[in-house]
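Beneath this line is the structure, given in structure tokens, with notes to follow.
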Amino acid sequence: MNLPLLKVKQDVPTRWNSSLIMIERLVNIKAPLSAAMSTLPQAPNYLNASEWEIILDCTHILKPFEIMTAELSGEKYPTLSVVIPLIRGLQHILKNLKTKTDIGDVFRNMLMDIVSRRLGILEKDKIVAKATFLDPRFKKTAFGLLENASNAQKWVSKELTMMISTNNDMENEMNTTESTTTAHTLNSTNNATKSLWEHFDNKVAEVRTTSSPNVTSTLIIRQYLDMPLLDRKKNPLEFWKQHKHTLPDLYNMQLKYLCIPATSVPSERIYTVLEL
């Protein structure tokens, strides 16, 4: 038939993607396989037209899962932050997918229920939600529910407030130490003249007292949200490098969350190479 030589594939129970690979290969070799089966004297029962329709339905239903798996298995870009938007995209595709068979429709509805039950709750997970919020491509837009987006903002704001408060305490402690050292130096030299910077230092202390970490974190997050969304195809890490000095506290926070991998695939690949 002037077609490439392709063998049938067998699925592996521990790798669900292998089921899709198996039925995709059947579809690719349908014509030569049908011709070969018709010439075998003791050929097993072959697929009929209705069963081929079911296979095509299953292929279309499972394909988005394979694409999502590949996206989440990346190693050269942040993956945890894309979990929520990919799940919402997967739910949208399954909901609008048209099937041609009753079995395909049941299969689609079953997968929609499983995705909603097992993956939909990740929007409420603090770590995943913070990673998505800190990704300049998504922020609050990727969340399916406004309540979950608001909670993510609250969690980031709370952690940011704690970071700012800790930094202020450390800075005040350093300033106190420097002031004590300066006072000892002045006393040791019997210099009664006050520091020329005393007036300015007092004003700075007053400003810090009136500006609470909670207000500061709110202003920082508002500034971040007012920025336009980064193009989805661009690298969010490059964005944070460019705004490292503009949003230093959020920059330090995203280092904590965007580095988390969405799956264990990268580590599994390392062990596979070591075993070989």
Side-chain angles (χ1 to χ4, degrees), residues 61 64-74 77-97 108-165 212-240 243 246-247 249-265:
I61 294 170
F65 286 87
E66 182 189 40
I67 297 173
M68 179 177 175
T69 303
E71 189 81 13
L72 293 178
S73 302
Y77 52 86
T79 53
L80 186 63
S81 60
V82 303
V83 169
I84 292 177
L86 283 180
I87 291 174
R88 289 303 179 184
L90 179 63
Q91 290 175 321
H92 177 76
I93 289 178
L94 292 178
K95 181 179 179 181
N96 295 279
L97 187 65
R108 178 181 64 89
N109 292 333
M110 184 185 302
L111 288 178
M112 287 178 60
D113 178 67
I114 294 174
V115 170
S116 178
R117 177 164 40 87
R118 300 185 62 178
L119 302 180
I121 59 175
L122 290 177
E123 274 200 13
K124 299 180 180 180
D125 183 273
K126 285 188 177 182
I127 296 179
V128 179
K130 287 180 181 180
T132 303
F133 183 87
L134 292 171
D135 193 318
R137 299 172 298 175
F138 309 128
K139 298 182 183 179
K140 298 174 67 173
T141 309
F143 292 85
L145 298 177
L146 181 60
E147 178 185 359
N148 294 333
S150 299
N151 288 335
Q153 181 176 348
K154 291 177 182 178
W155 294 331
V156 171
S157 179
K158 182 178 180 180
E159 184 172 345
L160 185 61
T161 300
M162 295 177 61
M163 290 176 58
I164 295 174
S165 179
S212 66
N214 189 31
V215 174
T216 304
S217 65
T218 301
L219 294 175
I220 292 175
I221 291 178
R222 183 181 301 173
Q223 180 183 359
Y224 169 65
L225 291 177
D226 287 341
M227 294 179 176
L229 289 174
L230 186 68
D231 186 278
R232 183 181 59 82
K233 298 180 181 179
K234 291 187 177 181
N235 189 346
L237 301 181
E238 292 297 328
F239 168 89
W240 283 114
H243 295 82
T246 308
L247 303 168
D249 296 301
L250 278 182
Y251 171 82
N252 292 329
M253 189 184 298
Q254 64 85 25
L255 291 175
K256 176 181 177 182
Y257 290 100
L258 293 187
C259 67
I260 303 175
T263 71
S264 59
V265 170

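Side chains included, hydrogens not; waters and symmetry mates left out as well; all remaining heavy atoms used. The residues of the chain are indexed from 1 along the displayed sequence.
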Determine the minimum heavy-atom distance between [X] and [Y], stating which atoms define it.
X	Y	answer
Leu94	Arg108	O-NH1, 2.9 Å
Ala131	Leu80	CB-CD2, 3.9 Å
Phe143	Ala152	CZ-CB, 3.6 Å
Ala129	Trp155	CB-CZ3, 3.8 Å
Val83	Ala262	CG2-CB, 3.7 Å
Asp125	Val128	OD1-N, 3.1 Å

Is a side-chain donor or acceptor of [X] paired with a backbone partner of [Y] at a separation under 3.5 angstrom?
X	Y	value
Thr132	Ser81	yes
His92	Arg88	no
Ser217	Asn214	yes
Ser157	Gln153	no
Glu123	Ile84	no
Lys139	Met227	yes
Lys126	Asn151	no

For [X], I'd like to know if atom [atom1] has over 12 heavy atoms of other residues, nucleotides or ligands within 6.0 Å.
X	atom1	answer
Met162	CE	no
Leu145	CG	yes
Arg117	CZ	yes

Can you confirm whether [X] sits close enough to [Y] that some side-chain heavy atom of one is under 4.5 Å from a side-chain heavy atom of the other?
X	Y	answer
Pro78	Pro236	yes
Asp226	Arg222	yes
Glu238	Leu230	no
Met68	Ile87	yes
Lys256	Glu159	yes
Val115	Phe65	yes
Leu250	Ile220	yes

Quick test of your reading of the model: are Arg137 and Asp135 salt-bridged, counting only N-O distances below 4.0 Å?
yes
What's the spacing between [X] [atom1] and [Y] [atom2] if we round to 0.5 Å?
X	Y	atom1	atom2	answer
Ile93	Met112	CD1	CE	12.0 Å
Asp249	Thr161	CG	OG1	10.0 Å
Thr79	Ile260	OG1	CD1	9.5 Å
Phe239	Leu229	CZ	CG	9.5 Å
Ile164	Ser212	CD1	OG	9.0 Å
Leu237	Cys259	CG	SG	9.5 Å

Ring centres of Tyr257 and Trp240 under 6.0 Å apart?
no
Give the intermediate values and the outcome of side chain to side chain contact (heavy atoms under 4.5 Å, CB included) for residues Gln223 and Thr246.
CA-CA 10 Å; Gln223 180 183 359; Thr246 308; 3.5 Å; yes
Please walk me through it: do Ile221 and Phe133 pass side chain to side chain contact (heavy atoms under 4.5 Å, CB included)?
CA-CA 10 Å; Ile221 291 178; Phe133 183 87; 3.9 Å; yes
Trace of the side chain to side chain contact (heavy atoms under 4.5 Å, CB included) decision for Phe138 with Val82
CA-CA 8 Å; Phe138 309 128; Val82 303; 3.8 Å; yes
